[in-house]
S.K.: 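Mind looking over this structure? Questions follow.
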Amino acid sequence: MYFVTGGAGYIGSHCALELLKQGYEVTVFDNLSTGHTETCNILKSFGGSRFNFIKGDLLKPDDINNALKAKPEAIIHFAAFSQVGESVKEPAKYYENNVIGSLNLLNAMKKNEVRKIVFSSTAAIYGEPIEVPISETHPKNPINTYGKTKLMIENIMDDFDLAYGIKSVRLRYFNVAGADSNSLIGEWHNPETHLIPNILKSTFGKDFQLKIFGTDYNTKDGTCVRDYINIEDLVSAHILALNYLENGGETNFFNLGTKEGSSVTEVLNTCREVTEKNIEAEYTERRAGDPACLIADNSKAKKILNWTPKKTLKDSIKTAYNWEKKLQTII
Ligand code: UFG
């Protein structure tokens, strides 16, 4: 059995779904503070008796200690707050939830002798890049609390390996995009802050004005450049990371991105192409804390995990759009 914290959220639910597709038993542990019951219901109807849901909170040590008595093969740890802007305004909330929550999880693993964990880390641990593409050896100087919490957890994981033999694979995501190919589940944040869902939402004409943050960056067209990695490609790296640990792999960390950069304007134009709609946008001031350009050097994951991302930005936008249409009927 695989144990997925945060499995009711965007990335965790896609990972749980893929594990179910591959025939595994999956337990999702989630406090439903940002994840959705509806998502768990969909996973349940897909996985049947192989899917189990525990409503629990990583900030309550008893919740996680009791849940891990079932001794899963490995943990895949997604549960976290993940809004960069909010993390700077409310650092206490982020340090408590992300760092203390992860520490409670690691302590429960130690207590219950669970020794493998795949962790959802982020490109935000690198901070403002001094060279692009960014490799795993790039200096780590996070410029926001979100990135700092993820880096602290990575450091704690190193110490828990040295002292207690808990092996971790830390996957440092760039910009995750898209949805399940069959639109069973997809990206569903409230409030939504991410570029692609915001562009797509604006096509439904529900009192939402799309804004593009900044036109004077030192990039190809003045808007920020990001490396958009498809959710299903991203999930495939988690399965490979589990295999890596099960085959005796040592603690390690990998960037997950495509090595291709797209500007905000390019993303907007691709959304116009996919939706066949003339999407209007207001070009406004920069958003605080946005680096100009984030592109992954993904060669380490390719070499060691044998991972190859296959989907394009357009593929991600297509599935995101299909999901967004479905979501409009749910919310
Ligand atoms: N943007 C807009 N308008 C919007 C939303 C975003 O112009 O309505 C711009 C942003 O300013 C940025 C780009 O689109 O230039 C991408 O922004 P997102 O909010 O989609 O994503 P971020 O790059 O800010 O953050 C994402 C994840 C973080 C992670 C980071 C690592 O959400 O959790 O990638 O690179 F830390």
Side-chain angles (χ1 to χ4, degrees), residues 6 9-12 34 78-88 94 98 119-129 132-134 138 140-151 153-154 170-178 187-189 191-203 208-231 234 255-271 279-298 313 316-317 320 324:
Y10 171 41
I11 304 174
T34 56
F78 298 97
F81 289 142
S82 64
Q83 284 186 39
V84 172
E86 184 189 57
S87 78
V88 178
Y94 275 70
N98 294 4
F119 174 57
S120 171
S121 187
T122 173
I125 69 169
Y126 297 116
E128 193 69 55
V132 175
I134 299 168
H138 186 284
K140 294 185 278 299
N141 292 311
I143 57 169
N144 53 60
T145 305
Y146 170 67
K148 287 179 191 174
T149 66
K150 292 285 180 171
L151 183 55
I153 301 161
E154 286 211 24
R170 283 99 66 156
L171 299 175
R172 298 170 181 167
Y173 313 154
F174 282 65
N175 285 57
V176 188
E187 187 165 8
W188 182 1
H189 295 116
E192 187 52 78
T193 59
H194 294 101
L195 179 64
I196 294 173
N198 274 351
I199 296 175
L200 297 173
K201 266 184 204 330
S202 74
T203 67
F208 176 79
Q209 173 63 54
L210 175 67
K211 290 188 175 154
I212 303 297
F213 302 128
T215 54
D216 58 350
Y217 287 98
N218 184 19
T219 58
K220 44 188 161 186
D221 59 22
T223 62
C224 286
V225 168
R226 294 287 181 274
D227 182 338
Y228 293 88
I229 174 72
N230 176 270
I231 182 82
L234 185 96
N255 286 344
L256 298 183
T258 63
K259 215 177 180 176
E260 298 283 331
S262 304
S263 72
V264 173
T265 298
E266 285 171 336
V267 173
L268 176 58
N269 284 333
T270 313
C271 288
I279 304 169
E280 306 254 342
E282 183 191 341
Y283 283 80
T284 60
E285 295 299 298
R286 290 182 176 201
R287 186 173 73 175
D290 276 341
C293 180
L294 293 173
I295 300 174
D297 178 344
N298 59 11
L313 173 66
S316 296
I317 292 174
E324 200 62 49

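All ligand and atom numbering here is 1-based and tracks the order in the structure.
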S.K.: Regarding atom 11 (O) of ligand 1: of the candidates L210, D290, L268, I11, which has the closest heavy atom?
M.R.: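 Residue with the shortest heavy-atom distance to the ligand atom: D290.
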S.K.: With heavy-atom distances below 4.0 Å as the criterion, list the atoms of ligand 1 near K211.
M.R.: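 Those qualifying, in numeric order: 2 (C), 3 (N), 4 (C), 7 (O), 8 (O).
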S.K.: If you take the nearest heavy atom of each of I125, V225, N175, L195, which one is closest to atom 34 (O) of ligand 1?
M.R.: N175
S.K.: So which protein heavy atom does atom 28 (C) of ligand 1 come closest to, and at what separation?
M.R.: V84 CG2, 4.1 Å
S.K.: Please list the nearest protein heavy atom to atom 15 (O) of ligand 1 with its residue and the distance rounded to 0.1 Å.
M.R.: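 Closest protein heavy atom to atom 15 (O) of ligand 1: C224 CB, 3.0 Å.
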S.K.: If we ignore hydrogens and angles and just use 3.5 Å, is the side chain of N144 paired with the main-chain N or O of A124 as donor and acceptor?
M.R.: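 Checking the backbone N and O of A124 against the side chain of N144, no donor-acceptor pair under 3.5 Å is found.
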S.K.: Please confirm whether the backbone N or O of K211 pairs with a side-chain atom of Q209, one donor and one acceptor, at under 3.5 Å?
M.R.: no
S.K.: To the nearest 0.1 Å, how far is atom 4 (C) of ligand 1 from its closest protein heavy atom, and which atom is that?
M.R.: F213 CE1, 3.5 Å
S.K.: Which protein heavy atom lies closest to atom 8 (O) of ligand 1, and at what distance to 0.1 Å?
M.R.: N198 ND2, 3.1 Å
S.K.: What protein heavy atom lies closest to atom 9 (C) of ligand 1? Include the residue and the distance to one decimal.
M.R.: V264 CG2, 4.0 Å
S.K.: Can you say whether the rings of Y10 and H189 are parallel (under 30°), tilted (30 to 60°) or perpendicular (over 60°)?
M.R.: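 Y10 and H189: perpendicular rings.
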S.K.: Could you give me the CA-CA distance, side-chain angles and deciding distance for T223 and Y283, then say whether side-chain contact (heavy atoms from CB on, under 4.5 Å) is met?
M.R.: CA-CA 10 Å; T223 62; Y283 283 80; 4.1 Å; yes
S.K.: Heavy-atom distances under 4.0 Å are what count here, so tell me which part of R287 touches ligand 1: side chain, backbone, both or neither.
M.R.: side chain
S.K.: Looking at ligand 1, does any of its N/O atoms fall within less than 3.5 Å of an N/O of Y228?
M.R.: no
S.K.: Do the side chain of K201 and the main chain of E324 share a donor and acceptor less than 3.5 angstrom apart?
M.R.: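 Answer holds: no.
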S.K.: Given that the side chain starts at C-beta and the backbone is N, CA, C, O, which of these parts of V267 lies under 4.0 Å from ligand 1, counting heavy atoms, or is it both or neither?
M.R.: neither
S.K.: Given T265, I134, V176, T122, which one has a non-hydrogen atom that is nearest to atom 31 (C) of ligand 1?
M.R.: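 Result: the heavy atom closest to atom 31 (C) of ligand 1 is in T122.
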S.K.: Once you measure the plane-to-plane angle for Y94 and F81, does it fall in the parallel (<30°), tilted (30-60°) or perpendicular (>60°) bin?
M.R.: tilted
S.K.: Do E154 and K140 meet the salt-bridge criterion of a basic N to acidic O distance under 4.0 Å?
M.R.: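 Looking at E154 together with K140, the answer is no, because their closest N to O distance does not fall below 4.0 Å.
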S.K.: Look at the side chain of D227 and the backbone N and O of K259, then say whether any donor-acceptor pair between them is shorter than 3.5 Å.
M.R.: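 Such a contact is found between D227 side chain and K259 backbone.
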S.K.: Return the closest protein heavy atom for atom 35 (O) of ligand 1 as residue, atom name and distance.
M.R.: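 Ranked first by proximity to atom 35 (O) of ligand 1 is L294 CD1, 3.2 Å.
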